[in-house]
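Notes follow once the structure below has been shown.
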Amino acid sequence: MTNHSLRPLAAVPEVKGRRRHRRGRWPSPHELPPAGHRLVRLADPPTGQRLSQRLNAILEVLAGRRAAGQIRPLVDEALFSRLSSQGLMPGIRHHVAGELRVCRPAETALETSTIIHSGPRVLALAARFERTRTGWVCTRFHVLAPRAEIAQAGRPSVA
């Protein structure tokens, strides 16, 4: 067995042009997500294409082509419970979203509208997205039928 003696290392000379690491400020407790949620850093609002993808995913749940659990991170809890308990919407089997119109009524909110072509039927879609601690989530989602269909749905059927 050999004996080794340890000696202190000489100080490393400072390298010129090298930046020192500075710790950023610590986040406020109010900026942190609630316990059990993943942190998604989306400071900027989603693009129009990203919003269309989210709206189509919600429409696929209503049409029965996607499991409701897949959209849980995209919607808030109240909307998720309404969408998962709501029955399937007839007539939205094959949908194609039209041009997406987006407005920003507040710094932390987006409101979108579009037209859905489902075969011969044309429906309107309105949705609201809000920025939360976990990212942008859909808080309101409504598919609006034409007035003629609403009026016919309220009339008693003649046999």
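Values reported hereafter were calculated over all heavy atoms of this structure, with side chains retained and with hydrogens, waters and symmetry mates removed.
- For R104 (side chain) and P45 (main-chain N/O), no donor-acceptor pair under 3.5 Å exists by modelled atom type.
- Note: the hydrophobic cluster containing V137 does not contain V61 (ILVMFWY, side chain heavy atoms under 4.5 Å, direct or indirect links).
- Looking at every heavy atom in both residues, F80 comes nearest to A68 through CE1-O, 3.0 Å.
- Taking CD from E99 and OG from S52, the interatomic distance works out to 10.0 Å, rounded to the nearest 0.5 Å.
- Taking OG1 of T139 as the start and CD of E111 as the end, the distance is 8.5 Å to the nearest 0.5 Å.
- Counting heavy-atom neighbours within 6.0 Å of R82 CZ, excluding the residue itself, gives a total above 12.
- For L74, the side chain to side chain contact (heavy atoms under 4.5 Å, CB included) partners are R54, A57, I71, not counting sequence neighbours.
- Across P46 and W136, no two heavy atoms sit closer than the pair CD-CG, 3.6 Å.
- Between F141 and L62 there is a side-chain heavy-atom pair separated by less than 4.5 Å.
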Legend entry - Working for side-chain contact (heavy atoms from CB on, under 4.5 Å), residues V122 and I116: CA-CA 6 Å; V122 177; I116 302 168; over 6 Å; no

Inset, instruction - Starting from the C-alpha separation in whole Å, work towards a yes-or-no answer on side-chain contact (heavy atoms from CB on, under 4.5 Å) for L110 and C103. - result: CA-CA 6 Å; L110 292 171; C103 72; over 6 Å; no

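- Between atom CD of residue Q70 and atom CD1 of residue I58 there is a gap of 12.5 Å, rounded to the nearest 0.5 Å.
- Interatomic distance, R140 CZ to R128 CZ, rounded to the nearest 0.5 Å: 8.0 Å.
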Legend entry - side-chain contact (heavy atoms from CB on, under 4.5 Å) assessment of L144 paired with L123: CA-CA 6 Å; L144 309 170; L123 306 172; over 6 Å; no

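- Across L55 and A127, no two heavy atoms sit closer than the pair CD2-CB, 3.6 Å.
- Under the side chain to side chain contact (heavy atoms under 4.5 Å, CB included) rule, L100 has a single partner from L125, T47, T114, I115, which is T114.
- Expressed to the nearest 0.5 Å, how far CG of D76 lies from CD of E130 amounts to 7.5 Å.
- Residues T132 and T108 fail the side-chain proximity criterion, which asks for heavy atoms closer than 4.5 Å.
- For the atom pair CG of L79 and OG of S84, the computed distance is 9.5 Å after rounding to the nearest 0.5 Å.
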